[in-house]
Each structure stands twice: as structure tokens, then as C-alpha cells.
Amino acid sequence: MKIEETFIKDLVVVEPTVFGDERGYFFESYSKTKFEDLGVDIEFVQDNQSFSKKGTLRGLHYQNPPFAQTKLVRVLEGEIIDVAVDLRKDSATYGKAFSVLLSAENKKQLLVPQGFAHGFSVISETASVMYKCDQFYNKASEGGIKYDDPSLSIDWGMDLNEAIVSEKDQILPFIDECNSLF
């Protein structure tokens, strides 16, 4: 397992070691010991899974402290553009977005720390996404940023006029008006 640093401090792409042969493949998607050896000490408490069809855009979501979540995101089937936005006001990269292609084929994962908004778009026919969280969901702590905030310049890999977006996500504020407590 290796960790690829991004231009945003603490936001990393995790690439597992895959063992394959004529039968298929095997890899550890998470090992507390291996993550600790790589300098990542997180106690995950919940796994979430979603299924979406092509053109679905989910996000950008976060939870405020004390229920802020670290997420380890991976794709079980299909392909997504996974996006994280730095909401830490004291960070040199505050308001910057990072995106990465996560797929069942490349098996990469994105470790999204507390202090980030997270979302993804589905660019394959369908996608199953699973993510581990280090904090339980708390409705009163949830917040979000509108996916098409022009200050973020996010390339979702699709025509946003055709994106399938929930009503809740369509009315989220831009980053400069969000209620982030980071």
C-alpha cells in the first residue's frame, strides 16, 4: 500500500498493492496497521455505500465539529470523479478543490480528512461507492457547498446542465456563504 500526497496538506490518494493471477485479484482496501505505518492513525466507526447512475452528482457535503468526518472513499463498481474542497480557514489551500478518478479498475482511494467538503460525479453507466467514516452522521452538523460554485472551478467530467442533482444539493450555498466551522 502506498500513499500519494496531493497539493493539499493531509489530503492523500491511497493505492493498494494488488495481487492478481488467472483467478482474479486480491488486495487489502484497509489495514489499520498498514495505515498507521504510513502515518495515518484513524479509528473508523461506520461504512456507507451508495449506488448511482451515470450523470449523478452528489455533494459537496461536510459535517461541522464535533461531528466532522474523515472519509476513506473507494469505488466497488464503475468510475467517479471524486472531489474534496479544503474548508480549513487557516490552511494555505483554503477554498481549493482536488479531484481524482476513482474506479473499480484502478482501485485507488481518497482519504478525505476532517475539514473538507466531499462529493463525486458518476461518469460510468453506474457506480457503487463505499466510504469509511471516523464519526457517525449527525444531521444537525451537516453542511454543504454548491457543486457549481464558480470560485472552485471544479471539472466534474460532465455537462452540469445534464447532471442529476438532489433538490437539497441544488440549493446549497457557495463557499463564501457556507456555515463551515473549520
Residue pair Asn48 / Gln46, side-chain donor-acceptor N/O under 3.5 Å = yes

Evaluate whether atom CD of Gln170 has more than 12 neighbouring non-hydrogen atoms of other residues, nucleotides or ligands under 6.0 angstrom away.
-> yes

Glu5, CD: over 12 other non-hydrogen atoms inside 6.0 angstrom | no

Any side-chain heavy atom of Lys54 within less than 4.5 Å of one from Ser124?
-> no

Taking the side chain as every heavy atom from C-beta outward, state whether Glu142 and Tyr137 have any pair of such atoms under 4.5 Å apart.
-> yes

Salt-bridge criterion met for Arg23 and Asp21 (N-O under 4.0 Å) | yes

Salt bridge flag under 4.0 Å for residues Lys96 and Asp86 = no

State the OG1-CD1 distance between Thr6 and Ile8, to the nearest 0.5 angstrom.
-> 5.5 Å

Given Leu110 and Val14, is the side chain to side chain contact (heavy atoms under 4.5 Å, CB included) satisfied, shown in steps?
-> CA-CA 6 Å; Leu110 185 63; Val14 179; over 6 Å; no

Closest approach of Phe7 and Ala97, non-hydrogen atoms and distance?
-> CZ-O, 3.5 Å

Are any of the side-chain nitrogens in Lys146 or Glu177 under 4.0 Å away from the carboxylate oxygens of its partner?
-> no

Modelled atom types, side-chain donor and acceptor of Ser31 and Thr33, under 3.5 Å | no

Under 6.0 Å from the NZ atom of Lys9, do we count more than 12 heavy atoms belonging to anything else shown?
-> no

Would Lys132 and Ser29 satisfy side chain to side chain contact (heavy atoms under 4.5 Å, CB included), going step by step from the backbone distance to the final call?
-> CA-CA 11 Å; Lys132 303 177 99 41; Ser29 60; over 6 Å; no

Could you give me the CA-CA distance, side-chain angles and deciding distance for Asp47 and Met130, then say whether side chain to side chain contact (heavy atoms under 4.5 Å, CB included) is met?
-> CA-CA 7 Å; Asp47 285 356; Met130 185 186 140; 3.3 Å; yes

Close side-chain approach of Gln135 and Cys133, heavy atoms under 4.5 Å | no

Quick one: are Lys71 and Leu111 in side-chain contact, heavy atoms under 4.5 Å?
-> no

Please name the pair of heavy atoms, one in Cys178 and one in Gly144, separated by the smallest distance, quoted to 0.1 Å.
-> CB-O, 3.8 Å

Closest approach of Glu28 to Met1 (non-hydrogen atoms, all atoms of both residues) = O-CE, 3.2 Å

Below 4.0 angstrom, N of the basic side chain to O of the carboxylate: do Asp41 and Lys32 qualify?
-> yes

Do the non-hydrogen side-chain atoms of Lys107 and Tyr25 ever get within less than 4.5 Å of each other?
-> yes

Closest heavy-atom pair, Val75 versus Ile80, reported as atoms and distance to 0.1 Å, is CG2-CG1, 3.5 Å

Side chains of Asn106 and Glu79, donor plus acceptor under 3.5 Å | no

Could you tell me whether a side-chain N or O of Gln63 sits under 3.5 Å from a main-chain N or O of Asn138, the two making a donor and an acceptor?
-> yes

Is any side-chain heavy atom of Asp82 less than 4.5 Å from a side-chain heavy atom of Phe98?
-> no

Apart from Tyr62 itself, its cluster of hydrophobic side chains linked below 4.5 Å comprises Leu57, Leu60, Ile81, Val83, Val85, Leu87, Tyr94, Leu101, Ile123, Ile145, Tyr147, Leu152, Ile154, Trp156, Met158, Leu160, Val165, Ile175, Phe182

Flag yes if Ile3 and Leu11 sit in one hydrophobic cluster, no otherwise; membership is Ile, Leu, Val, Met, Phe, Trp, Tyr, and two members link when side-chain heavy atoms are under 4.5 Å apart.
-> no

Taking the six-membered ring for Trp, is the centroid-to-centroid distance between Tyr30 and Phe44 below 6.0 Å?
-> yes

Can you tell me how far CG of Leu102 sits from OH of Tyr131, rounded to the nearest 0.5 angstrom?
-> 13.5 Å

Start with the C-alpha gap between Asp148 and Phe174, add the side-chain angles, then the distance that decides, and say whether side chain to side chain contact (heavy atoms under 4.5 Å, CB included) holds.
-> CA-CA 8 Å; Asp148 62 353; Phe174 290 157; 3.9 Å; yes

Side-chain contact test, heavy atoms from C-beta onward, threshold under 4.5 Å: evaluate it for Arg88 versus Asp10 and give yes or no.
-> yes

With distance as the sole criterion, is a donor-acceptor pair present between the side chains of Glu77 and Thr126 under 3.5 Å?
-> yes

For the side chain of Asp134 and the backbone of Gln69, is there at least one donor-acceptor N/O pair under 3.5 Å apart?
-> no

Please determine if Lys53 and Glu125 form a salt bridge, counting it only when a charged side-chain N lies under 4.0 Å from a carboxylate O.
-> no

May I ask you to decide if the ring planes of Phe120 and His118 are parallel, tilted or perpendicular, using 30° and 60° as cut-offs?
-> tilted

Which heavy-atom pair separates Ala84 from Val112 by the least distance, and what is that distance?
-> CB-CG1, 4.1 Å

Under 4.5 Å between side-chain heavy atoms, hopping through other hydrophobics if needed: is there a path connecting Val12 to Val100?
-> no

State, yes or no, whether a side-chain contact exists between Val129 and Leu76 at a heavy-atom distance under 4.5 Å.
-> no

